Amino acid sequence: MLSTRQIPVRSLLLACACAIAPTSVWATDIAQFKVAKGAVHLERSGQRLPARVGTHLQATDTVITGADGSAGIAFIDNSLLSVGPNSVLAIERYTFNSTTHEGTFESSLRKGTLAVVSGKIAKQSPEAMRVKIPSSILGVRGTEFLVRAGD
């Protein structure tokens with residue numbers, strides 16, 4: 001039989017566990033939409049979600065813009081991506097250690113345009129950032145670049 005003293009402690013532990021649980025979800029966030037104009041969507045786990053300013057991205061998300069769409073995305077390593085109209089950008093792999101600035105940033109621009117200002121990952125290890133397009137793979141060596149992938 002539980003004493004009345006044990007019940008509040010269990011309730012407190014349950015409340016703390018529930019309060020901590022969302023932190024693990026936030027831990028998978030790698031970026032945030034800073035600009036979302038026109039038709040901008042996010043594909044995650046087979047679901048299509050509208051993307052708005054403040055929407056967070058995760059490591060395997062795909063950004064899709066319509067004919068009137070464009071998006072500006074800031075990553076946790078300070079990389080900045082601008083996705084143009086009629087684009088499909090898949091984030092294939094993203095890891096970042098905020099202490100050492102080491103990580104991996106691999107994406108695939110299936111169609112459309114992408115402008116990038118690389119962040120701490122590419123500054124620490126230039127070979128760690130790659131953008132695939134249908135005809136080739138771009139290894140980032142500089143800090144700013146523009147990519148266009150045909151339909």
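These numbers were taken from a predicted model, which means no experiment stands behind them.
- Scored by the side chain to side chain contact (heavy atoms under 4.5 Å, CB included) test, N97 finds T99, T100 as partners (sequence neighbours excluded).
- Linking ILVMFWY side-chain heavy atoms closer than 4.5 Å, directly or via other members, places V88 and V131 in two distinct hydrophobic clusters.
- Considering only heavy atoms from C-beta on, E102 stays 4.5 Å or farther from F96 through its side chain.
- Counting all heavy atoms, side chain and backbone alike, Y94 lies closest to A59 at O-CB, 4.1 Å.
- In the hydrophobic clustering of this structure, I64 does not group with L89; members are Ile, Leu, Val, Met, Phe, Trp, Tyr whose side-chain heavy atoms approach within less than 4.5 Å, directly or through other members.
- R93 meets the side chain to side chain contact (heavy atoms under 4.5 Å, CB included) test with T104, E106; sequence neighbours excluded.
- Heavy atoms only, all atoms of each residue included: A67 and P85 are closest at O-CB, 3.4 Å.
- The distance from atom CE of M129 to atom CD of Q124, rounded to the nearest 0.5 Å, is 14.5 Å.
- When side chains are defined from C-beta on, T62 counts as touching R110, because their heavy atoms get closer than 4.5 Å.
- Taking CG of L49 as the start and OG1 of T55 as the end, the distance is 8.5 Å to the nearest 0.5 Å.
- Remark: S82 engages A115 in a side chain to side chain contact (heavy atoms under 4.5 Å, CB included) (not counting sequence neighbours).
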*Criterion side chain to side chain contact (heavy atoms under 4.5 Å, CB included) on D68 and K37, from CA distance to verdict*: CA-CA 8 Å; D68 67 339; K37 295 181 181 177; over 6 Å; no
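- Between the OG1 atom of T28 and the CD atom of Q58 there is a distance of 3.5 Å, given to the nearest 0.5 Å.
- Atoms CG and OG, on L114 and S108 in that order, are 10.5 Å from each other to the nearest 0.5 Å.
- Nearest heavy-atom pair across N78 and K120 is ND2-CE, 3.2 Å.
- No donor-acceptor pair under 3.5 Å is formed between the side chain of D29 and the backbone N or O of A31.
- Listed by chain and number, the residues in a side chain to side chain donor-acceptor pair (under 3.5 Å) with S107 amount to none (sequence neighbours excluded).
- Remark: R130 does not engage E92 in a salt bridge, criterion side-chain N to carboxylate O under 4.0 Å.
- Residue I91 is grouped with residue V40 when hydrophobic side chains (ILVMFWY) are merged at heavy-atom distances under 4.5 angstrom, including chains of intermediate members.
- The two residues S87 and T113 come nearest to each other via the heavy atoms OG-N, 3.0 Å.
- Among residues two or more places apart in sequence or in another chain, the side chain to side chain donor-acceptor pair (under 3.5 Å) test is passed with Q32 by K34.
- Using a 4.5 Å heavy-atom threshold, the side chains of I73 and F33 count as touching.
- Counting all heavy atoms, side chain and backbone alike, S79 lies closest to S118 at OG-C, 3.8 Å.
- One finds the CG atom of D61 at 4.0 Å from the CG atom of L42 (value rounded to the nearest 0.5 Å).
- Rounded to the nearest 0.5 angstrom, I121 CD1 and D77 CG are separated by 4.0 Å.
- Judged as a side chain to side chain donor-acceptor pair (under 3.5 Å), and not counting sequence neighbours, E43 has no contacts.
- Nearest approach of R44 to L57, heavy atoms of both residues: NH2-CA, 3.8 Å.
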